[in-house]
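First up is the structure itself, then whatever we jot down about it.
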Amino acid sequence: MLRPGVLGAPVDCPVRWCRSARARRVSLRIDARAGEVVVTLPMRTARRAGMALLTTHAAWVMQRLAALSPALAFAPGVEIPLGGRPHVIRHDPAARGGAFLDGATIVVTGAPEFLARRVRDFLRAEAKRRIAVLAEGHAATLGVKIAAIRLKDTNSRWGSCAPDGTLAFSWRLVMAPDVVLDYVVAHEVAHLRELNHSSRFWAHVESLTPNREMAQDWLRENGPALLRIG
């Protein structure tokens with residue numbers, strides 16, 4: 001935790017210091033999920049170099065932290081998005097089934113101490129189901145084969161495609177509007193034909209989904225808020 005005033009503002013600023021053998025220079029980023037600044041240092045670089053970088057970029061750091069959405073925990077009565085539409089979490093301890101949809105309500109059963117985990121498990125399962133349908137459809141259109149689909153909880157990448165044909169996605173995408181999810185899935189499936197960002201790659205993306213620009217804008221504007229949920 002930086003002391004008040006270190007970044008030129010009378011507020012506390014949480015900082016996580018990391019050392020990396022792969023880092024060639026000092027860098028900083030905002031961890032939207034944790035609500036903190038992450039400073040990465042090469043192994044033999046003194047911490048004062050990181051402090052200097054923080055001081056230089058004080059205004060940017062404070063602006064980015066102030067712009068973060070409030071953290072939203074999974075709890076009874078909390079409203080979270082699913083497919084871009086609001087859904088209320090309702091705890092029904094006497095019911096059975098773990099967690100399930102009832103209209104615009106996510107019903108969670110069992111003891112209260114398991115509620116957050118069950119909501120997260122429900123969202124991951126729902127993400128896997130929706131992504132699989134979209135991915136298989138887009139793969140059939142392009143005539144490519146998916147090796148596997150993995151779900152992750154990353155801070156910086158919504159999706160990825162490995163050389164072996166494995167696709168990985170952030171489960172948090174299930175909370176985004178359907179057209180945004182469709183774009184990210186189409187983007188990664190297109191990498192099965194072109195593992196690059198060439199004009200040919202973007203042509204494949206355009207053939208799969210008309211929502212590229214809108215989805216990119218939405219993720220740029222609203223993506224960090226998804227990292228603050230749960």
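Every heavy atom of this structure was used, including side-chain atoms; hydrogens, water molecules and symmetry mates were not.
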Is there a side-chain contact between [X] and [Y] (heavy atoms, below 4.5 Å)?
{"X": "Pro81", "Y": "His87", "answer": "no"}
{"X": "Leu28", "Y": "Trp60", "answer": "yes"}
{"X": "Phe169", "Y": "Lys152", "answer": "no"}
{"X": "Leu151", "Y": "Ser170", "answer": "no"}
{"X": "Ile80", "Y": "Pro86", "answer": "no"}
{"X": "Ile30", "Y": "Leu65", "answer": "yes"}
{"X": "Leu192", "Y": "Leu142", "answer": "no"}
{"X": "Val108", "Y": "Arg90", "answer": "no"}

With salt bridge (Lys or Arg N to Asp or Glu O under 4.0 Å) as the criterion, how do Asp153 and Arg33 come out once you've worked through the C-alpha distance, each side chain's angles and the decisive distance to 0.1 Å? CA-CA 10 Å; Asp153 193 7; Arg33 189 188 313 171; 3.0 Å; yes
Applying side-chain contact (heavy atoms from CB on, under 4.5 Å) to Asp31 and Leu227, what does each step give before you reach the verdict? CA-CA 9 Å; Asp31 185 335; Leu227 300 177; over 6 Å; no
[X] side-chain N/O to [Y] backbone N/O, donor-acceptor pair under 3.5 Å:
{"X": "Arg228", "Y": "Ala73", "result": "no"}
{"X": "Asp182", "Y": "Asp178", "result": "no"}
{"X": "His138", "Y": "Glu136", "result": "no"}
{"X": "Asn211", "Y": "Met214", "result": "no"}
{"X": "Thr45", "Y": "Leu41", "result": "no"}
{"X": "Arg193", "Y": "Phe201", "result": "no"}
{"X": "Arg19", "Y": "Met43", "result": "yes"}
{"X": "Arg172", "Y": "Ile229", "result": "yes"}
{"X": "Thr109", "Y": "Gly98", "result": "yes"}
{"X": "Thr141", "Y": "Gly137", "result": "yes"}

Considering all heavy atoms of both residues, which atom of [X] and which atom of [Y] are nearest to each other, and what is their separation?
{"X": "Pro14", "Y": "Gly35", "value": "CG-O, 3.3 Å"}
{"X": "Pro177", "Y": "Trp218", "value": "CD-CZ2, 3.3 Å"}
{"X": "Val26", "Y": "Ala49", "value": "CG2-CB, 4.0 Å"}
{"X": "Ala32", "Y": "Pro224", "value": "CB-O, 4.1 Å"}
{"X": "Arg200", "Y": "Glu194", "value": "NE-OE2, 3.2 Å"}
{"X": "Pro42", "Y": "Ala23", "value": "CB-O, 3.6 Å"}

With a 6.0 Å cut-off (strictly less than), is the heavy-atom count around [atom1] of [X], excluding the residue itself, greater than 12?
{"X": "Glu206", "atom1": "CD", "result": "yes"}
{"X": "Arg29", "atom1": "CZ", "result": "yes"}
{"X": "Glu113", "atom1": "CD", "result": "yes"}

Do [X] and [Y] belong to the same hydrophobic cluster, where Ile, Leu, Val, Met, Phe, Trp and Tyr are linked whenever their side-chain heavy atoms lie under 4.5 Å apart, directly or via other members?
{"X": "Val39", "Y": "Met51", "answer": "yes"}
{"X": "Leu68", "Y": "Trp158", "answer": "no"}
{"X": "Trp17", "Y": "Val38", "answer": "no"}
{"X": "Ile106", "Y": "Leu72", "answer": "yes"}
{"X": "Met175", "Y": "Val78", "answer": "yes"}

Salt bridge present between Asp217 and Arg220 (N-O < 4.0 angstrom):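 Result for this pair is yes, salt bridge flagged.
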Geometric cation-pi criterion Arg150 and Trp171, 6.0 Å radius, 45° cone: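 Not flagged: Arg150 not positioned over aromatic ring of Trp171.
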Going through the distances and angles, do Ile131 and Leu181 end up as a side-chain contact (heavy atoms from CB on, under 4.5 Å)? CA-CA 8 Å; Ile131 288 171; Leu181 176 63; 3.7 Å; yes
Measuring from atom [atom1] of [X] to atom [atom2] of [Y], what distance do you get when rounded to the nearest 0.5 angstrom?
{"X": "Glu126", "Y": "Asp121", "atom1": "CD", "atom2": "CG", "answer": "13.0 Å"}
{"X": "Ile89", "Y": "Thr105", "atom1": "CD1", "atom2": "OG1", "answer": "10.5 Å"}
{"X": "Glu188", "Y": "Tyr183", "atom1": "CD", "atom2": "OH", "answer": "8.5 Å"}
{"X": "Leu134", "Y": "Arg129", "atom1": "CG", "atom2": "CZ", "answer": "10.0 Å"}
{"X": "Arg22", "Y": "Thr40", "atom1": "CZ", "atom2": "OG1", "answer": "10.5 Å"}
{"X": "His204", "Y": "Thr209", "atom1": "NE2", "atom2": "OG1", "answer": "15.0 Å"}

Under the side-chain contact (heavy atoms from CB on, under 4.5 Å) criterion, do Arg212 and Trp202 qualify, and how do the steps go? CA-CA 10 Å; Arg212 171 186 167 186; Trp202 288 114; 3.4 Å; yes
Using the ring pair (Phe, Tyr, Trp, His ring centres under 6.0 Å) rule, take His191 and His197 through it: C-alpha gap first, then chi angles, then the decisive distance, then the call. CA-CA 8 Å; His191 276 312; His197 287 98; 4.8 Å; yes
Checking side-chain contact (heavy atoms from CB on, under 4.5 Å) for the pair Lys128/Ile149: CA distance, chi angles, key distance, verdict? CA-CA 8 Å; Lys128 184 67 174 289; Ile149 296 176; 4.1 Å; yes
